[in-house]
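Shown next, in structure tokens, is the structure this report addresses.
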Amino acid sequence: MGVTKEQVESSLKAKLNPSHIEIIDTSGGCGASFAIEIVSEQFEGKRLLERHRMVNAALEEEMKEIHALSIKKAVTPEQWNQQQQQSNKSDAASA
């Protein structure tokens with residue numbers, strides 16, 4: 001059996017201590033493909049590539065069974081708050 005969403009979430013929470021995390025199993029339930037949004041203070045001062053490497057390293061064991069990992073967002077809490085504010089402004093403007 002493949003990796004579960006809960007296993008991915010547990011590993012990321014233990015290693016990156018995210019303030020927000022969203023994991024979507026895009027494999028249809030077999031655990032071979034996931035999309036991830038993660039917000040962590042540990043990303044502070046890191047470039048995007050370094051952040052992606054940190055996520056991959058946190059999932060080292062799981063990656064042996066995951067065939068596709070899409071990291072949609074890997075941002076700091078400050079960046080996340082800015083994105084949420086911009087999203088709220090555009091939602092208000094279109095209403």
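A distance-only check finds a donor-acceptor pair linking the side chain of Lys15 to the backbone of Ala58 [under 3.5 Å]. Judged by distance alone, with hydrogens and angles left aside, the side-chain atoms of Gln86 form no donor-acceptor pair with the main-chain N or O of Gln83 at under 3.5 Å.
Between Leu16 atom CG and Phe43 atom CZ the span is 5.0 Å, to the nearest 0.5 Å. Going from atom CD1 of Ile24 over to atom OG of Ser70 covers 9.0 Å, rounded to the nearest 0.5 Å. Ser10 contributes atom OG, which lies 9.5 Å from atom CD1 of Ile21 (distance to the nearest 0.5 angstrom). Expressed to the nearest 0.5 Å, how far CD of Gln84 lies from NZ of Lys89 amounts to 13.0 Å. Atom-to-atom distance recorded for Leu69:CG and Ile23:CD1 is 9.5 Å, nearest 0.5 angstrom. Distance CZ/Arg47 to CZ/Arg53: 11.0 Å, rounded to 0.5 Å.
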Pair Thr76-Glu41, side chain to side chain donor-acceptor pair (under 3.5 Å): steps then yes or no: CA-CA 5 Å; Thr76 65; Glu41 288 181 0; over 6 Å; no
Evaluate side chain to side chain contact (heavy atoms under 4.5 Å, CB included) for Glu22 paired with Ile36, printing each intermediate quantity in order. CA-CA 6 Å; Glu22 183 176 338; Ile36 296 173; over 6 Å; no
Walk me through whether Gln42 and Asn17 qualify under side chain to side chain contact (heavy atoms under 4.5 Å, CB included). CA-CA 8 Å; Gln42 293 184 38; Asn17 192 29; 4.2 Å; yes
Could you walk me through whether Val3 and Asp25 pass the side chain to side chain contact (heavy atoms under 4.5 Å, CB included) check? CA-CA 10 Å; Val3 177; Asp25 183 344; over 6 Å; no
Could you please spell out the steps behind the side chain to side chain contact (heavy atoms under 4.5 Å, CB included) verdict for Glu9 and Leu12? CA-CA 5 Å; Glu9 185 172 356; Leu12 290 173; over 6 Å; no
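Here the closest non-hydrogen pair linking Lys72 and Ala35 is CE-CB, 4.1 Å. Of all heavy-atom pairs spanning Ala74 and His52, the tightest one is CB-CD2, 4.2 Å.
Connectivity analysis of hydrophobic side chains (ILVMFWY, heavy atoms under 4.5 Å, direct or indirect) links Val75 to Val39, Trp80. Alongside Leu49, the hydrophobic cluster contains no other residue (criterion: ILVMFWY side chains under 4.5 Å).
Within a 6.0 Å sphere centred on CD of Glu78, other residues, nucleotides and ligands contribute 12 heavy atoms or fewer.
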